[in-house]
Amino acid sequence: MNIAIIGGGPAGLMAAEVASAAGEEVDLYDAMASVGRKFLLAGKGGLNLTHSESSEKFLSRYEARRTQIAPILASFAPDQLRTWARGLGIQTFIGTSGRIFPSDLKAAPLLRAWLRRLRKAGVQFHVRHRWIGWDEQGALLFTTPEGNRSVQADAVVLALGGGSWPKLGSDASWVPLLAGRGIHIAPLLPANCGFDVGWSEHFRTKFAGHPVKSVAIIVRNAAGAESWHPGEFIITETGVEGGVIYTVSAVLRDEILAKGSATLRLDLAPDRDVPRLTHDLSRPRGKRTMATHLQRQAHIEGVKAGLLREVVSKEDFVDPARLATAIKSLPLRLAAPRPLEEAISTAGGVPFESLDEQLMVRTLPGVFCAGEMLDWEAPTGGYLLTACFATGQTAGAGAVTWLTKRGEGRILG
Ligand SMILES: Cc1cc2nc3c(=O)[nH]c(=O)nc-3n(C[C@H](O)[C@H](O)[C@H](O)COP(=O)(O)OP(=O)(O)OC[C@H]3O[C@@H](n4cnc5c(N)ncnc54)[C@H](O)[C@@H]3O)c2cc1C
């Protein structure tokens with residue numbers, strides 16, 4: 001039996017591995033000239049494969065989708081992912097934050113070894129094959145440099161990715177194709193993204209590109225619960241991105257969607273409280289400038305002082321109690337998330353409600369979906385790749401099971 005896998009990212013490659021290991025004939029198609037481009041880009045940041053925290057905590061990262069993700073991760077958990085990588089000759093280590101990386105912090109050696117193993121297992125790769133839907137006979141239709149090509153497959157795994165970084169191949173062009181078959185697609189939204197603030201010209205020219213370190217971000221979710229997130233982030237030309245901003249980006253994005261803007265609060269001095277800061281800032285300033293006073297009494301300087309100047313009024317700036325309050329809870333109004341193309345990942349996609357437990361589209365028998373094109377999201381920390389590998393594994397196994405059952409049905413019938 002022939003299984004067509006469309007999309008050669010981590011999810012599609014994993015589906016190909018499972019299906020070929022089960023003895024099926026596997027053809028993998030990708031629009032680009034080579035597979036795994038986003039995976040290789042993730043390698044530039046060290047390739048955070050997964051995380052070592054407890055399974056309970058790990059699952060909580062998928063928030064509203066944890067119930068659907070739980071059984072999928074149960075069949076391909078972080079430990080299994082590490083064993084799988086070892087099988088490819090790639091050792092992994094747990095970093096100080098609990099995140100798990102390949103020892104060499106690279107994606108290319110892992111991808112090379114994986115592709116070699118897949119080819120050896122008989123997987124046929126067809127690059128420069130852009131899937132554009134189905135033809136009148138129900139065959140898969142591709143555009144290729146040689147013209148259109150129709151392909152009949154006994155089962156299909158779609159692993160087409162989300163909509164971020166479209167130049168790497170996942171451009172979300174599958175959305176109208178599936179919507180055209182009556183599948184409701186949750187709108188694709190940026191996840192793990194930056195935000196626009198709209199800095200003053202002075203702040204932007206002075207601080208764009210600067211990291212803001214040893215701070216905490218306080219956000220309030222839709223239910224009104226406040227949470228405190230230590231970390232660091234980067235000032236951009238238009239706003240903020242990176243690190244702890246990604247951690248809280250889903251809550252902030254949803255607030256902007258609901259209310260038109262969102263406000264986060266910055267704690268610029270997590271190791272000091274308001275009374276201590278008020279006391280220290282109340283010390284006589286003498287002839288020292290306010291900048292020197294702030295630096296000496298509150299260890300606030302550089303970009304942190306710049307942020308205070310950007311947000312706090314002149315009157316509050318010279319009032320020790322009000323300045324101390326601002327240092328501990330500086331409101332930063334976010335106007336918009338950065339566009340999906342710039343995001344690390346994508347929220348929205350094919351809802352689990354349209355799929356069965358094996359990730360087959362209920363209304364398209366024999367068509368399975370995996371990876372970032374499914375409607376789940378998670379912060380950075382290895383949760384994205386882990387879920388892509390795991391859903392690829394489930395969809396690949398699902399396609400094999402479905403074909404087996406169909407074959408048995410035919411024989412019995
Ligand atoms: C800068 C950056 C750093 C990241 N770092 C990490 C990290 O350290 N840890 C982590 O967990 N995650 C990380 N991620 C996220 C992770 O890379 C993605 O979640 C993951 O690659 C998604 O896998 P996927 O297989 O679902 O889709 P993709 O990897 O996007 O692959 C989809 C494939 O489908 C192909 N395709 C799309 N449409 C068509 C079509 N119509 N026809 C044929 N082929 C098509 C594409 O060419 C592509 O090869 C990072 C992402 C970015 C952008």
Side-chain angles (χ1 to χ4, degrees), residues 4-16 27-51 58 61 78 81 95 97 99-102 105-107 110-111 115 125-133 140-144 149 151 156-178 188 190-194 241-242 246 340-347 349-350 359 369-393 395-396:
I5 315 273
I6 314 181
L13 294 173
M14 188 54 84
D27 287 272
L28 188 143
Y29 302 86
D30 199 289
M32 304 299 280
S34 59
V35 297
R37 294 194 173 199
K38 196 176 276 183
F39 186 68
L40 288 173
L41 179 71
K44 295 220 161 118
L47 196 69
N48 183 190
L49 281 171
T50 189
H51 204 289
F58 196 102
R61 309 297 183 180
L81 205 167
S97 59
R99 295 174 181 218
I100 295 174
F101 304 88
L105 298 168
K106 288 182 183 152
L110 192 155
L111 184 62
L115 294 179
F125 287 85
H126 310 268
V127 293
R128 294 196 177 92
H129 275 61
R130 170 169 295 282
W131 178 60
I132 53 167
L140 298 164
L141 192 57
F142 294 92
T143 56
T144 79
R149 186 178 160 199
V151 169
V156 183
V157 177
L158 301 175
L160 301 161
S164 78
W165 291 70
K167 64 179 180 207
L168 300 178
S170 21
D171 59 4
S173 57
W174 55 266
V175 173
L177 303 180
L178 292 189
L188 303 195
N192 296 297
C193 57
E241 72 174 17
Y246 292 163
L340 176 58
E341 299 83 67
E342 292 176 21
I344 295 289
S345 60
T346 305
V350 181
L359 303 179
C369 296
E372 215 181 289
M373 70 183 291
L374 301 181
D375 180 18
W376 56 272
E377 66 175 310
T380 55
Y383 312 106
L384 299 168
L385 280 175
T386 304
C388 288
F389 285 125
T391 51
Q393 205 260 3

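The residues of the chain are indexed from 1 along the displayed sequence. The structure presented is a predicted model; accordingly, all values stated were derived computationally and were not measured. When a ligand or atom number is given, it counts from 1 through the structure's own listing order.
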So what's ligand 1 close to, N/O to N/O, under 3.5 Å?
{"unit_1": "ligand 1", "atom_1": "8 (O)", "unit_2": "Asn48", "atom_2": "N", "d": "3.1"}
{"unit_1": "ligand 1", "atom_1": "9 (N)", "unit_2": "Asn48", "atom_2": "O", "d": "2.8"}
{"unit_1": "ligand 1", "atom_1": "11 (O)", "unit_2": "Asn48", "atom_2": "O", "d": "3.4"}
{"unit_1": "ligand 1", "atom_1": "11 (O)", "unit_2": "Leu385", "atom_2": "N", "d": "2.7"}
{"unit_1": "ligand 1", "atom_1": "19 (O)", "unit_2": "Glu372", "atom_2": "OE1", "d": "2.5"}
{"unit_1": "ligand 1", "atom_1": "25 (O)", "unit_2": "Pro10", "atom_2": "N", "d": "3.3"}
{"unit_1": "ligand 1", "atom_1": "25 (O)", "unit_2": "Ala11", "atom_2": "N", "d": "3.0"}
{"unit_1": "ligand 1", "atom_1": "26 (O)", "unit_2": "Glu372", "atom_2": "N", "d": "2.8"}
{"unit_1": "ligand 1", "atom_1": "30 (O)", "unit_2": "Ser170", "atom_2": "OG", "d": "2.8"}
{"unit_1": "ligand 1", "atom_1": "41 (N)", "unit_2": "Trp131", "atom_2": "O", "d": "3.2"}
{"unit_1": "ligand 1", "atom_1": "42 (N)", "unit_2": "Trp131", "atom_2": "N", "d": "2.9"}
{"unit_1": "ligand 1", "atom_1": "44 (N)", "unit_2": "Ala31", "atom_2": "N", "d": "3.0"}
{"unit_1": "ligand 1", "atom_1": "47 (O)", "unit_2": "Asp30", "atom_2": "OD1", "d": "2.7"}
{"unit_1": "ligand 1", "atom_1": "49 (O)", "unit_2": "Asp30", "atom_2": "OD1", "d": "3.4"}
{"unit_1": "ligand 1", "atom_1": "49 (O)", "unit_2": "Asp30", "atom_2": "OD2", "d": "2.6"}

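- Summarising the geometry, atom SG belonging to Cys369 is positioned 5.0 Å from atom CG belonging to Leu158; distances are rounded to the nearest 0.5 Å.
- Taken to the nearest 0.5 Å, the NZ atom of Lys38 stands 5.0 Å off from the CD atom of Glu372.
- Between Leu384 and the choices Ile344, Asn48, Thr346, the side chain to side chain contact (heavy atoms under 4.5 Å, CB included) rule is met once, by Ile344.
- To the nearest 0.5 Å, atoms OH (Tyr383) and CZ (Arg99) are separated by 7.0 Å.
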In a table with atom names and distances, give each donor-acceptor pair under 3.5 Å that connects a side chain of residues 39-47 to protein atoms at least two apart or in another chain.
none

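- Remark: Ser173 OG to Ile132 CD1 distance equals 10.0 Å, nearest 0.5 Å.
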